[in-house]
> 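The structure that follows is given in the form of structure tokens.
In this text, all values refer to a predicted model and were calculated from it rather than measured experimentally. For this chain, numbers begin at 1 and follow the sequence in order.
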Amino acid sequence: MIVAYGIANLLQSVAAARTTVQHTFDPGLLWRLAGHRTYLIGLGCQVAGFVLAFLARRDLPLFLVQASVAAGLGVTAVLGVILLKWRLPVAEVVLLFLLVGGITALVLSAQPAPSKPLGMAGVIALLGALGAIAVLGVPAARLQGVPGSVALGALAGLGFSAAAVAARPLASASTWSAFLADPLLYLLIGHSIVGQLLLGLAMQRGSTTAAVAAMDAAGAVPAAIIGLVLLNDKIWPGREWLAGLGFLVTLAAVIGLTRYAEPQHHHAVAQETARAVRDPAPRQTPRLSPRVAEGPLSTQAASTGLRRPITRS
């Protein structure tokens with residue numbers, strides 16, 4: 001599960017950066033992202049991770065499962081170092097060790113137990129949350145830069161958190177007919193789709209760091225609290241301190257790792273572009289007639305070798 005989410009984070013952030021920036025809350029962004037094979041592979045990994053997380057939520061408390069989902073960012077960072085030649089500073093090594101330690105503490109403190117039913121009030125609350133997140137996404141989509149990444153990432157995290165809350169009791173369905181007839185299934189799908197759209201918008205705002213940090217914080221904390229209060233999530237007696245410490249360490253390590261899990265190859269491309277502008281390579285230019293060659297603009301274009309930039313979606 002952790003590995004699947006880690007690969008999904010990496011591939012989807014790369015695809016989002018290569019797609020034309022969307023400034024409105026338009027579901028068509030998901031269709032455009034689907035045009036990238038990288039995004040589709042990442043989405044497949046995310047679905048695999050979601051299925052594994054769904055099965056884990058049948059008996060394991062949400063504070064453990066959600067922290068494990070967020071810990072996929074550690075895998076993203078490692079894969080970025082191996083595949084994309086990201087830098088591996090000492091701080092990242094320390095954060096990776098803290099992440100492993102935090103997850104270990106959560107595993108040792110979590111007591112398996114089936115979920116309690118959420119009840120009709122809970123279903124109505126999740127439906128209201130879905131509408132509220134979608135409505136708030138409209139103005140958030142107009143924000144640019146880091147504020148847009150934070151706002152959209154936080155809303156995406158709330159959507160995924162609500163999906164996790166719906167999945168915990170849904171995973172205990174006794175038969176397929178009961179599973180398909182449960183309104184929690186469709187609330188889970190709705191929250192996941194809205195969360196996926198908001199995450200794509202957040203990653204386009206130029207700060208994957210801010211987007212993922214906000215998403216992880218907003219996605220892990222509410223689900224953990226609701227699970228403990230309403231869904232029969234349990235901690236082994238006497239290990240409450242270990243669970244609290246493990247959760248805080250895991251969340252802090254994940255937020256810290258967002259700095260290094262950002263697709264750093266984009267910075268390398270920017271550096272190469274700047275270098276090319278400073279030291280343009282000599283290139284042959286077509287021979288001009290004397291009259292055309294006398295024009296100052298033609299002389300400047302021929303001497304610099306600059307071309308009109310080509311944009312692509």
> To the nearest 0.5 Å, tell me how far M215 CE sits from L158 CG.
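Between M215 CE and L158 CG, I get 11.5 Å after rounding to 0.5 Å.
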> Looking only at heavy atoms, which two atoms of L231 and V165 are closest? And how far apart?
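Taking L231 first and V165 second, the nearest heavy atoms are CD1-O, 4.0 Å.
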> Consider only side-chain heavy atoms of I, L, V, M, F, W and Y, link residues closer than 4.5 Å, and tell whether L248 and L106 are in one cluster.
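No, L248 does not connect to L106 through the hydrophobic network.
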> Might you point out which heavy atoms bring D216 and A70 nearest each other, and give the distance in Å?
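Nearest pair, atom of D216 first, then A70: OD1-CB, 3.8 Å.
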> Could you report the tightest heavy-atom contact between Q66 and A164, atom names first, then the distance?
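Where Q66 meets A164 most closely, the heavy atoms are OE1-CB, 3.3 Å.
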> At what distance, to the nearest 0.5 angstrom, does CD1 of I193 lie from CG of L198?
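The distance works out to 12.0 Å.
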> About how many Å separate OG1 of T250 and CD1 of I255, when rounded to the nearest 0.5 Å?
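Rounded to the nearest 0.5 Å, the CD1-OG1 separation comes to 11.0 Å.
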> Could you tell me whether the side chain of Q144 and the main chain of R142 form a donor-acceptor pair under 3.5 Å?
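Side chain of Q144 to backbone of R142: a pair is present.
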> Treating Ile, Leu, Val, Met, Phe, Trp and Tyr as nodes and any side-chain heavy-atom pair under 4.5 angstrom as an edge, say whether L52 and L64 lie in one connected cluster.
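Same cluster: L52 reaches L64 through Ile, Leu, Val, Met, Phe, Trp or Tyr contacts under 4.5 Å.
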> Do E240 side-chain atoms and G238 backbone N/O form a donor-acceptor pair below 3.5 Å?
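Here the side-chain-to-backbone pair exists.
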> Can you check side-chain contact (heavy atoms from CB on, under 4.5 Å) on S109 and F63, steps first, answer last?
CA-CA 10 Å; S109 60; F63 67 80; 4.2 Å; yes
> Nearest 0.5 Å please: distance from the CG atom of L199 over to the CG atom of L155.
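Those atoms lie 11.5 Å apart.
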> Any chain of hydrophobic side-chain contacts (each under 4.5 Å) joining F50 to I189?
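Same cluster.
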> Search all heavy atoms of F160 against all heavy atoms of G195 and return the closest pair with its distance.
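Smallest interatomic distance, heavy atoms only, reads CZ-C, 3.4 Å.
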> Are L108 and V249 connected in a single hydrophobic cluster, I mean Ile/Leu/Val/Met/Phe/Trp/Tyr linked by side-chain heavy atoms less than 4.5 Å apart?
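Shared cluster, yes.
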> Can Q111 and D233 be said to form a side-chain contact (heavy atoms from CB on, under 4.5 Å), step by step?
CA-CA 8 Å; Q111 182 179 2; D233 287 2; over 6 Å; no
> Given V229 and I225, is the side-chain contact (heavy atoms from CB on, under 4.5 Å) satisfied, shown in steps?
CA-CA 6 Å; V229 174; I225 295 174; 4.2 Å; yes
> I'd like to know if the side chain of Y5 reaches the main chain of S68, judged simply by a donor and an acceptor atom lying under 3.5 Å from each other, with no hydrogens or angles considered.
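Here the side-chain-to-backbone pair does not exist.
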> For a side-chain contact (heavy atoms from CB on, under 4.5 Å) check, start with the C-alpha distance between H191 and I133, then their side-chain angles and the critical distance, and finish with the verdict.
CA-CA 9 Å; H191 276 287; I133 292 170; 4.1 Å; yes
> Closer than 3.5 angstrom, by distance alone: can the side chain of N232 be matched with the main-chain N or O of A113 as a donor-acceptor pair?
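Checking the backbone N and O of A113 against the side chain of N232, no donor-acceptor pair under 3.5 Å is found.
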> Rounded to the nearest 0.5 Å, what's the gap from OG on S192 to CD on Q46? Could you check?
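Separation between the atoms: 8.0 Å.
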> When you measure from the side chain of R168 to the backbone of G227, do you find a donor-acceptor pair of N or O atoms at a distance under 3.5 Å?
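Such a contact is absent between R168 side chain and G227 backbone.
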> Considering all heavy atoms of both residues, which atom of L62 and which atom of A223 are nearest to each other, and what is their separation?
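Looking at all heavy atoms of both residues, the closest pair is CD1-O, 3.5 Å.
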> Indicate, with yes or no, if L60 and L228 share a hydrophobic cluster defined by side-chain heavy-atom contacts under 4.5 Å among Ile, Leu, Val, Met, Phe, Trp and Tyr.
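Per the 4.5 Å side-chain linkage, L228 and L60 are co-clustered.
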> When you look at CZ of F97, are more than 12 heavy atoms from neighbouring residues, nucleotides or ligands closer to it than 6.0 Å?
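Result for CZ/F97: open.
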> Output the distance between atom CZ (R58) and atom OG (S115), rounded to the nearest 0.5 Å.
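Going from CZ on R58 over to OG on S115, the span is 11.0 Å.
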> What pair of heavy atoms forms the shortest contact from P169 to L184, and how long is it?
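Scanning both residues completely, I find the closest heavy atoms to be CG-CD1, 3.7 Å.
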> Checking the side chain of S161 only, and the main-chain atoms of G157 only, is there a donor and an acceptor separated by less than 3.5 Å?
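Looks like no, no N/O pair under 3.5 Å.
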